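Here the structure comes first, spelled out in structure tokens, and everything after it is commentary.
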Protein chains: 2
Amino acid sequence: MTKHTEIQQPLRDEISLSKVLHALSDPVRMEIILKIARAGQVACGAFDIPMPKSTLSHHFKVLRESGVVASRREGNELINSLRSEDLEARFPGVLDAIIAAGSR
Amino acid sequence: MTKHTEIQQPLRDEISLSKVLHALSDPVRMEIILKIARAGQVACGAFDIPMPKSTLSHHFKVLRESGVVASRREGNELINSLRSEDLEARFPGVLDAIIAAGSR
DNA sequence: TAGTTTGTTCGAAATTTATCGAATTACTTT
DNA sequence: AAAGTAATTCGATAAATTTCGAACAAACTA
């Protein structure tokens with residue numbers, strides 16, 4: 001039987017624009033976001049970013065706490081997805097425009 | 001006769017998404033941007049933000065160097081405007097969406 | 001020219017953020 | 001139960017950012 005643990009993340013209404021923009025203002029985190037945007041769902045381990053795991057983990061934490069990324073545990077890995085619906089509801093067009101801009 | 005000095009700002013193609021997002025991720029700078037967006041043109045002195053002049057000047061510098069704001073001298077004061085066209089050309093929809101989100 | 005207004009620059013201190021290795025937690029597999 | 005895999009947390013350090021007062025610069029005004 002597979003256990004699914006909940007990960008702490010802000011509620012939709014608690015998501016702050018400043019924190020979202022700060023989260024996305026780092027090139028490493030933007031790279032992460034773009035990959036998730038393309039693939040839909042990506043495990044933390046699937047990023048071949050040349051960087052210690054602890055540093056990468058820090059960036060995921062920032063993305064999660066800002067409300068940009070949702071992570072859920074599946075087995076022994078964490079699956080990351082964008083909180084597109086929440087972000088679209090709260091800040092319409094922002095995430096899409098940034099992803100499009102970052103993809104060029 | 002009024003002298004108009006040019007202020008250093010990145011060229012359109014040199015504007016970086018990360019720097020723009022970082023510039024906009026600060027609440028004080030967002031407040032500045034929103035006021036400029038509403039008014040079109042605002043002098044540095046027209047912001048009644050309770051903060052030393054040097055600190056405010058720092059925030060204007062960040063906004064200028066990121067390519068978000070253009071400043072030109074008119075007589076004694078600096079007039080600030082958004083680089084909406086440059087930003088729209090480079091990162092379509094980003095600035096508008098962020099301003100709309102920040103205005104709510 | 002002296003004084004005033006507007007805003008920047010400088011230099012230092014405080015705060016925040018990023019980085020990394022080691023230890024730890026959660027879960028799976030053997 | 002022991003070992004392996006995935007990722008986080010801890011603690012320390014490094015780097016970047018923010019803040020502020022004091023000094024400076026540019027342009028106007030009396």
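Bear in mind the structure is a predicted one, so any value in this text is a computation, not a measurement. Convention: sequence-line order gives letters A, B, ...; per-chain numbering from 1.
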ring-ring contact (aromatic ring centres under 6.0 Å, His included): pairs with one or both residues in residues 11-53 of chain A, sequence neighbours excluded: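 Those involving residues 11-53 of chain A are Phe47(A)-Phe60(A).
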
Spacing between Gln9(A) atom CD and dT8(D) atom P, to the nearest angstrom: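 Taking CD of Gln9(A) and P of dT8(D), I get 11 Å after rounding.
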
Integer-rounded Å distance: dA7(D) C1' and Met51(A) CE: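 Going from CE in Met51(A) over to C1' in dA7(D) covers 16 Å.
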
Any pair counted as salt bridge (Lys or Arg N to Asp or Glu O under 4.0 Å), so long as it reaches residues 15-41 of chain A, sequence neighbours left out: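 For residues 15-41 of chain A, and leaving out neighbouring residues, there are no salt bridge (Lys or Arg N to Asp or Glu O under 4.0 Å) pairs at all.
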
Where at least one partner belongs to residues 83-101 of chain B, residue pairs that pass salt bridge (Lys or Arg N to Asp or Glu O under 4.0 Å), sequence neighbours excluded: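 Listed once each, the pairs are Arg12(B)-Asp86(B), Arg83(B)-Asp86(B).
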
Under 4.0 Å protein heavy-atom contacts per nucleotide of nucleotides 4-18 of chain C, with B for base, S for backbone only and - for none: -BBBBB-------SS

With sequence neighbours excluded, residues passing side chain to side chain contact (heavy atoms under 4.5 Å, CB included) with Ser54(B):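 Partners of Ser54(B) by the side chain to side chain contact (heavy atoms under 4.5 Å, CB included) criterion, ordered by chain and then number, come out as Pro52(B).
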
By ring pair (Phe, Tyr, Trp, His ring centres under 6.0 Å) - contacts of Phe91(B) (at least two apart):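 So Phe91(B) forms no ring pair (Phe, Tyr, Trp, His ring centres under 6.0 Å) with any residue.
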
